[in-house]
Protein chains: 2
Amino acid sequence: MTILVRMVRTRTFDPTAALTKAVNLFSCKGYSETSMEDIVQATGVSRYGLYGTFGNKRELFEQALDRYADGMGKNSFLRLLEPDASLDHIRTIFAERVDDMCCEEETKGCLFIHTAMELAPQDNDLRDVLQKFMKRMGKAFSVGLESAKARGEIRDDVDVNDAGELLTSTMFGLAVLGRTGFKRETLDGIVDNTLAAMQ
Amino acid sequence: MTILVRMVRTRTFDPTAALTKAVNLFSCKGYSETSMEDIVQATGVSRYGLYGTFGNKRELFEQALDRYADGMGKNSFLRLLEPDASLDHIRTIFAERVDDMCCEEETKGCLFIHTAMELAPQDNDLRDVLQKFMKRMGKAFSVGLESAKARGEIRDDVDVNDAGELLTSTMFGLAVLGRTGFKRETLDGIVDNTLAAMQ
DNA sequence: TAAATAACAGAATGCTCATTCTGTTTTAGT
DNA sequence: ACTAAAACAGAATGAGCATTCTGTTATTTA
């Protein structure tokens, strides 16, 4: 059976670009503080377009979360999976994180934390998705740490699985302190001390 | 000038108990997901009583945050300021934290994180209050670590100020992972590894 | 005992929001 | 050019919310 859809009027917006805008809004303000109207304004896409393309707010959020995780993966964590990954790669990831959280005009926030605090307890599906992303983060750290260990940058007795989970947790701790207005140097110090303990 | 207030009908509820209930609701669900109606239900106190006693929702929340911080101080951090504080005291604080976050029926959440994510960027007063509480936490950790160091439980080269901030950050990282459904053993492992690095 | 008024219970108000509905515009195929 | 239907803009709907208002009850003081 073939379903024939006749395209009579062409869509005037780019769903990918719209989703990017939604990701920004959600990660900055969280789920409930971001209204569909906010997204309409920010994207310039009509309600009709948003609902038609993304379903409803909950589904749009899930797609935003996917995209966010994807972005984190591509922009940060993929490097850790390459065989020449070093401690510097890990440092860079944290430095970018600190940058994001300490940006003067508007802290970028963290969609993972918003999801964990606002939605995870009430929404098992979303919680599982989130947990999967976080575990992936930990795994990427572990792989990176293993490479760094091979380069002699990490102590031999460090369990990279445990350390990967620890660094994942650190990412969230930093974000919470950043949102609370802690100085960049404080966050940098936490990163330095955390990593120093593994060297 | 004296203002005479004639108390014609006695209040039938205990504001302290009501605030305790509000603290629980807010720390479990955060600010916006907790309605005044929820608080009316949970406390059995009428709207009239809540508004008359606590002002409005925002002010009630601030008082809840104060109380929450007070409770954390009294129940956990005060011990760290005593001269015989040891690494065990610090371990206990983290164990209680993990217990709170991994409670099967209903994760207790963390009012600090809710405040940081939901309100801090929009409400400078609240952000400053929160920052003060967090710094106090870090300081308490530092003092406890200093005592533990004197007992030989912490390495001499550990900077207790830095380490106090690191442990504060760890508290929040744990909570986020707990909310996302990570297993108790994972959180315990993070605590063990974090503290092991200081021994 | 009577009067005054704070405490109370819950209805009313006005707002914001997610979602749906309505009427209009656009464009592929005839 | 004409038609059909998808895309659109924005009004309408209905629910939930914080807060205020209204009428009732209880208790102290005179």
Side-chain angles (χ1 to χ4, degrees), chain A residues 2-19 21-23 25-26 28-65 114-115 118-119 121-123 125-126, chain B residues 2-19 21-23 25-26 28-65 114-115 118-119 121-123 125-126:
Chain A
T2 35
I3 297 175
L4 211 93
V5 177
R6 207 154 65 111
M7 195 65 132
V8 285
R9 185 175 167 177
T10 48
R11 191 154 51 184
T12 58
F13 72 95
D14 172 15
T16 300
L19 189 55
K21 290 268 176 61
V23 168
L25 284 174
F26 280 134
C28 183
K29 307 202 294 173
Y31 182 77
S32 35
E33 287 300 299
T34 303
S35 69
M36 290 299 281
E37 180 61 24
D38 288 340
I39 300 172
V40 168
Q41 295 297 329
T43 59
V45 176
S46 70
R47 258 165 281 274
Y48 178 93
L50 292 178
Y51 280 90
T53 305
F54 300 109
N56 57 24
K57 190 184 179 186
R58 159 68 176 70
E59 294 172 60
L60 170 56
F61 184 85
E62 187 162 346
Q63 291 167 71
L65 183 60
H114 280 300
T115 308
E118 279 187 88
L119 302 167
Q122 328 287 337
D123 188 326
D125 291 343
L126 222 37
Chain B
T2 36
I3 297 174
L4 211 92
V5 177
R6 212 156 60 112
M7 195 64 132
V8 286
R9 184 176 169 177
T10 49
R11 189 155 51 185
T12 58
F13 72 94
D14 173 14
T16 301
L19 189 55
K21 290 268 176 60
V23 169
L25 284 174
F26 279 134
C28 182
K29 307 202 294 174
Y31 183 78
S32 35
E33 286 302 299
T34 303
S35 69
M36 290 300 280
E37 180 62 23
D38 288 340
I39 300 172
V40 167
Q41 296 296 330
T43 58
V45 176
S46 71
R47 256 165 283 272
Y48 178 93
L50 291 178
Y51 280 91
T53 305
F54 301 109
N56 57 25
K57 190 184 180 185
R58 161 68 176 67
E59 294 173 57
L60 170 58
F61 184 85
E62 187 162 347
Q63 292 168 70
L65 183 60
H114 281 301
T115 309
E118 277 188 271
L119 302 166
Q122 326 287 336
D123 187 327
D125 291 344
L126 224 37

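Small disclaimer: the values here were computed from a predicted structure and weren't measured. In the text below, chain A, chain B and the rest are named by the order of the sequence lines, each starting its count at 1.
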Residue pairs, two or more places apart or on separate chains, that pass salt bridge (Lys or Arg N to Asp or Glu O under 4.0 Å) and touch residues 48-58 of chain A: A:Arg58-A:Glu62, A:Arg58-A:Asp123
Under-4.0 Å side-chain N/O to phosphate OP1/OP2 contact, A:Thr12 with D:dC8: yes
Nearest-0.5 Å distance, CG of residue A:Asp14 to CG of residue A:Leu19: 10.0 Å
Sugar-phosphate or base contact per nucleotide [nucleotides 13-26 of chain C; S, B, -; heavy atom under 4.0 Å]: ----SSBB----BB
From [atom1] of [X] over to [atom2] of [N], roughly how many Å is that when rounded to an integer?
| X | N | atom1 | atom2 | answer |
| --- | --- | --- | --- | --- |
| B:Arg11 | C:dA9 | CZ | C1' | 17 Å |
| A:Leu50 | D:dA9 | CG | C1' | 13 Å |
| B:Leu25 | D:dA18 | CG | P | 12 Å |

A:Arg11 vs A:Thr53 side-chain heavy atoms within contact, under 4.5 Å: yes
Side chain to side chain, B:His114 and A:Glu118, heavy atoms closer than 4.5 Å: no
Given B:Leu60, B:Thr115, B:Leu65, the one that forms side-chain contact (heavy atoms from CB on, under 4.5 Å) with B:Phe26: B:Leu60
Test item: side-chain donor near acceptor, B:Glu59 and B:Gln63, under 3.5 Å: no
